[in-house]
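Working notes, beginning with the structure itself.
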Amino acid sequence: MAPAAKLTNEEQQRKILDAAVQCIADSSVTSFTMAKVAAKATLSMGSVYKHFQCKEDIVMALTSASFLHISSVFQHVFNLPLTTPEKIIALCLLSPEKMQLFSFDSELESYATNDAVIRKASPQWTQKMIEAGALCEQTFKSRLAEGITADDFANSVDLDAYIEEITVSGWAMNVGYEQVLRVQQSRQIVEGNASLSMPLKTMDPLVRSMVRLINSYPWQYPLTKEAVDKTATLLTEENLR
């Protein structure tokens with residue numbers, strides 16, 4: 001019998017991360033172990049430690065991949081034939097699962113940005129996570145700037161300041177609302193009567209609040225109910241909702 005083909009470093013790393021995803025899905029981000037990952041990947045502990053010094057390194061690597069996925073979704077949305085305000089509200093109307101690379105993304109990102117985890121992880125993997133997160137934010141800002149240049153505001157504005165405000169406030173509202181839903185729906189989720197993976201309705205309180213936020217800026221073409229409905233329809237056609 002011919003010996004098994006030797007895996008490249010990249011193939012080994014991919015195999016380890018794939019195994020880690022399965023282990024986390026079977027348990028949690030906090031309870032999976034390096035030994036279980038090695039067993040699932042059918043690799044020696046030495047092979048695993050050659051790539052990842054601790055489980056925190058694996059968390060950083062998976063979080064980096066998650067951020068890169070979000071960046072790709074941003075690119076998709078900003079390439080749609082919508083006005084800039086419509087593109088911003090589109091991010092609220094997306095199916096949450098389309099923003100997720102893994103089913104445990106929110107748990108993963110929360111754990112990866114914990115001070116103790118950051119200190120324990122290897123600098124190289126922490127840096128990769130930071131760079132991926134920065135790319136995610138920069139992708140949104142740069143594409144937003146391109147859109148604003150094309151659409152223009154109704155009057156002269158401080159473009160950089162507006163982009164920063166929209167990015168921070170919009171992100172905060174979406175993340176905060178997700179936490180509110182988790183608290184409100186925890187019982188229903190346990191009972192199987194609700195799910196955080198469902199897209200928001202066009203008249204959901206968060207969507208209405210985001211419309212108010214977006215329209216507080218002097219766009220030439222502010223959002224209307226018809227524009228929000230049109231955006232939701234297009235997202236459905238693009239399999240993003």
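Just so you know, these numbers come straight off a predicted model, no measurement behind them.
If you chain together hydrophobic residues whose side chains sit under 4.5 Å apart, Val211 and Phe153 fall into the same group. Grouping the Ile, Leu, Val, Met, Phe, Trp and Tyr side chains by contacts below 4.5 angstrom, directly or via other members, places Met45 with Leu17. Clustering ILVMFWY residues whenever any of their side-chain heavy atoms sit less than 4.5 angstrom apart, transitively, puts Ile214 in a cluster other than the one holding Val168. In the hydrophobic cluster analysis, where Ile, Leu, Val, Met, Phe, Trp and Tyr join through side-chain heavy atoms closer than 4.5 angstrom, Trp125 is grouped apart from Leu68. One hydrophobic cluster, built from ILVMFWY side chains closer than 4.5 Å, holds both Leu159 and Phe140.
Contact of the Leu235 side chain with the Leu80 side chain is registered, since non-hydrogen atoms from C-beta on lie closer than 4.5 Å. Between Phe74 and Met99 the shortest side-chain heavy-atom distance falls below 4.5 Å. Using a 4.5 Å heavy-atom cutoff, the side chains of Val207 and Lys201 are not in contact. Using a 4.5 Å heavy-atom cutoff, the side chains of Pro218 and Tyr162 are in contact. When side chains are defined from C-beta on, Leu94 counts as touching Leu91, because their heavy atoms get closer than 4.5 Å. Between Leu62 and Val29, the closest side-chain pair of non-hydrogen atoms is not below 4.5 Å. Between Lys36 and Asp26, every side-chain heavy-atom pair lies at or beyond the 4.5 Å cut-off. Between Met210 and Leu223 there is no side-chain heavy-atom pair separated by less than 4.5 Å.
Between atom CG of residue Leu135 and atom CD1 of residue Ile130 there is a gap of 13.5 Å, rounded to the nearest 0.5 Å. One distance of note links OG of Ser216 with CD1 of Ile166; it measures 7.5 Å at 0.5 Å rounding. To the nearest 0.5 Å, atoms CD1 (Ile89) and OG1 (Thr84) are separated by 13.5 Å. The OG1 atom of Thr139 sits 9.0 Å away from atom CZ of Arg143, with the distance rounded to the nearest 0.5 Å. Here the CD atom belonging to Glu56 is positioned 4.5 Å from the NZ atom belonging to Lys120, to the nearest 0.5 angstrom. Rounding to the nearest 0.5 angstrom, the gap separating the CD atom in Gln138 from the OG1 atom in Thr167 is 9.0 Å.
The neighbour count for Lys128 NZ, taken as heavy atoms of other residues, nucleotides or ligands under 6.0 Å away, does not exceed 12. Residue Tyr221 places its OH atom among 12 or fewer non-hydrogen atoms of other residues, nucleotides or ligands, all under 6.0 Å distant. Counting heavy atoms of neighbouring residues, nucleotides and ligands inside a 6.0 Å radius, atom NZ of Lys50 exceeds 12 of them.
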(message) Checking Lys15 against Thr42 for the side-chain contact (heavy atoms from CB on, under 4.5 Å) test, could you report, in this order, the C-alpha distance in whole Å, the side-chain angles of both residues, the deciding distance, and whether it holds?
(response) CA-CA 9 Å; Lys15 194 172 185 181; Thr42 64; 3.1 Å; yes
(request) Verify side-chain contact (heavy atoms from CB on, under 4.5 Å) between Phe67 and Glu131, making sure each step is shown before the conclusion. (result) CA-CA 9 Å; Phe67 282 143; Glu131 290 173 355; over 6 Å; no
(message) Test side-chain contact (heavy atoms from CB on, under 4.5 Å) on Lys141 and Glu164; report intermediate values, then the result.
(response) CA-CA 8 Å; Lys141 287 183 176 179; Glu164 188 70 24; 2.7 Å; yes
(request) Could you walk me through whether Met129 and Val117 pass side-chain contact (heavy atoms from CB on, under 4.5 Å), step by step? (result) CA-CA 12 Å; Met129 187 273 288; Val117 174; over 6 Å; no
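Arg241 places a side-chain N or O within 3.5 Å of a backbone atom of Leu93 that can act as its donor or acceptor partner. In this structure, the side chain of His51 does not engage the main chain of Glu10 through any donor-acceptor pair within 3.5 Å. A distance-only check finds no donor-acceptor pair linking the side chain of Asn215 to the backbone of Pro222 [under 3.5 Å]. For the pair Thr231 (side chain) and Ala227 (backbone), a donor-acceptor distance under 3.5 Å is present. A donor-acceptor distance shorter than 3.5 angstrom exists from the side chain of Lys55 to the backbone of Phe32, with no hydrogens or angles considered. Judged by distance alone, the side chain of Lys98 and the main-chain N or O of Asn239 form a donor-acceptor pair under 3.5 Å. Ser110 places no side-chain N or O within 3.5 Å of a backbone atom of Glu107 that could act as its donor or acceptor partner.
The shortest heavy-atom contact between Leu7 and Gln12 is CB-CG, 3.8 Å. The shortest non-hydrogen separation linking Phe52 to Ile58 is CG-CG1, 3.7 Å. Pairing each heavy atom of Leu108 with each of Phe102, the nearest pair is CD2-CD1, 4.0 Å. For the residue pair Val37 and Ala20, the shortest heavy atom distance occurs at CG2-CA, 3.9 Å. Closest approach of Ala112 and Ile118 over heavy atoms only: O-CG1, 3.4 Å. When every heavy atom of Asp105 is checked against every heavy atom of Ser66, the shortest pair comes out as OD2-OG, 3.2 Å.
Tyr217 and Trp219 have perpendicular rings, their planes meeting at more than 60° on a 0 to 90° scale where under 30° would count as parallel.
Exactly one of Ser71, Ser72, Ser64 qualifies for a side-chain contact (heavy atoms from CB on, under 4.5 Å) with Cys136. That residue is Ser71.
Salt-bridge check for Glu11 with Arg14: failed, with every basic side-chain N at 4.0 Å or more from each acidic carboxylate O.
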